[in-house]
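Taking it in order: structure first as structure tokens, then the write-up.
Remember, predicted model here, so these are calculated numbers, not experimental data. The analysis underlying the following values was restricted to heavy atoms, covering all of them including side chains, and did not include hydrogens, waters or symmetry mates.
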Amino acid sequence: MAQVTHSDAAETAVVQTADKLLTWLMDDALPVWSAKGADKQYGGFHEALELPSGDGRQVPKRARVQPRQIYSLIEAGRLGWDGPVNDIVREGLDWYLEHFALEDGLIAAAVAPDGSVADARFDLYNHSFALFGLAQAAEILPELKTELLARSRDMLAVLRRQYGHAERGFREKNPDEAPLCSNPHMHMFEAALALEQIDADGPWLALSDEIAGLAMECFIDPVSGGLREFFDLDWSPMPDDRGRVMEPGHQFEWAWLLVRWGTLRDNAKTLQMARRLYQIGNTYGIDADRQVAIMALNDDFSVRDPLARLWGQTEWIKAAVALASQSTGIEREACLEDIVRSSDALYLYFDAAPTGLWRDKLKQDGSFVDEPAPASSFYHIVCAIAELDRFAKTLAPAAA
């Protein structure tokens, strides 16, 4: 009989963890969100589902949620869900483009439940997800691909004209107003990486490279290796207390994205920086008692905000998966163990809610904030499960 090594056991645990999460998604979450997540009365997707009933909330719909739900259902289909993905996505996409699109080619921040514009203000974050959702839909709806890619290119052109930064990246307001933020650039990076795979002649590879450079040269502190959130108009850290903010979840999320970009570009320096981001999040951003990723650190890595949001756990999973795929030996075994740890952390949020739903905010005392299950979390959850599933499939023969 072959001897079972520590690495074999760690791989088996990862495969079992991936199977457990995928089963939860298919058997518990998707039946709820496909039935109740779409607004049958007005169209589009609900912002949240009430607990414990799972009924949709008729509140203003934010621009960021609609494309995130479109992605979540598309990714579920890629994972094997046999529900009516294309029908739900097409209906949701048509409603989103009809009700959020503004005359200048950009999108409103929010609409009322019936689709009338409730907030027409500009938000860079929302446009990052608009591009991301258009990329996902273009991939599975071939009859719309040309139109959606053209719309994506046009939107980027308007963003460049109206909100492009003089050096690189994008501003938050026009006229200028500080702070500039790394977070919307992170999701713009994610969208550009998706679009460069399906629109080879578009501006997306250059955009990916631009944001990667901005992250490595401005967002990431050259001394500590930690990634900041808020910046002055010249991309230096905000001079006030906001310039000190470093979020563990974003250390993980940027690590995941930089591993992807660094692998595509064969850039070893990027992978080193991603490892440091992961180390910071894992060392300073995981609460020892609750074993969850917390909300925020200061730039000396002291705790700034001990609240633990669901999304931070999903980004921990994704970063651990990304680095496990790039590592060997002891480092790889540690990442495999972290995949299980981070997945256990995520399950805390599922176990505290009715079947297929979740809690979002875990307080320092170990209790959850009593509130509806936010639809915005589905994007994070599905993406983490998809990344883990793809990785686990590379381990399955050996683990079995």
Taken in chain and number order and not counting sequence neighbours, the residues that satisfy ring pair (Phe, Tyr, Trp, His ring centres under 6.0 Å) with Y278 are F252
- Task: Test salt bridge (Lys or Arg N to Asp or Glu O under 4.0 Å) on E50 and K36 and set out the steps.
- Result: CA-CA 10 Å; E50 299 282 3; K36 296 190 173 185; over 6 Å; no
Residues 28-35 side chain polar contacts: donor-acceptor under 3.5 Å, at least two apart:
from: W33; atom 1: NE1; to: G356; atom 2: O; distance (Å): 3.1
from: S34; atom 1: OG; to: L30; atom 2: O; distance (Å): 2.6

Please determine, by modelled atom types, if [X] and [Y] share a side-chain donor-acceptor pair under 3.5 angstrom.
{"X": "D360", "Y": "W311", "answer": "no"}
{"X": "R275", "Y": "Q272", "answer": "no"}
{"X": "Q136", "Y": "R78", "answer": "yes"}
{"X": "S342", "Y": "Q313", "answer": "no"}
{"X": "Q326", "Y": "T263", "answer": "yes"}
{"X": "R64", "Y": "H187", "answer": "no"}

ask   = Any side-chain heavy atom of W316 within less than 4.5 Å of one from S343?
value =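 With C-beta onward as the side chain, the pair stays apart.
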Problem - Single-linkage hydrophobic cluster V65~W358, side-chain heavy atoms < 4.5 angstrom - result: no
Between [X] and [Y] (judged by ring centroids, cut-off 6.0 Å), do the two rings come close enough to count as a pair?
{"X": "F45", "Y": "Y96", "answer": "no"}
{"X": "Y163", "Y": "F170", "answer": "no"}
{"X": "W256", "Y": "H380", "answer": "no"}
{"X": "F129", "Y": "Y379", "answer": "yes"}

- Message: My understanding is that only one of K61, Q66, R62 makes a side-chain hydrogen bond (donor to acceptor under 3.5 Å, both in side chains) with E47; could you say which?
- Response: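 Testing E47 for a side-chain hydrogen bond (donor to acceptor under 3.5 Å, both in side chains) against K61, Q66, R62 leaves exactly one candidate, R62.
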message = With salt bridge (Lys or Arg N to Asp or Glu O under 4.0 Å) as the criterion, how do K361 and E371 come out once you've worked through the C-alpha distance, each side chain's angles and the decisive distance to 0.1 Å?
response = CA-CA 9 Å; K361 301 181 183 73; E371 60 184 350; 2.9 Å; yes
For A324 and L336 the tightest heavy-atom approach is CB-CD2, 4.3 Å
Practice item. Output all residues satisfying side chain to side chain contact (heavy atoms under 4.5 Å, CB included) with R390, sequence neighbours left out; order by chain, then residue number. Key: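 Side chain to side chain contact (heavy atoms under 4.5 Å, CB included) list for R390, sorted by chain: E75, A386, E387.
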*Test L362 against L310 for side-chain contact (heavy atoms from CB on, under 4.5 Å), laying out the working first.*
CA-CA 8 Å; L362 178 60; L310 179 150; over 6 Å; no
> With H185, which of F219, Y125, W254 fulfils ring pair (Phe, Tyr, Trp, His ring centres under 6.0 Å)?
Replying inline: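 Result for ring pair (Phe, Tyr, Trp, His ring centres under 6.0 Å) with H185: F219.
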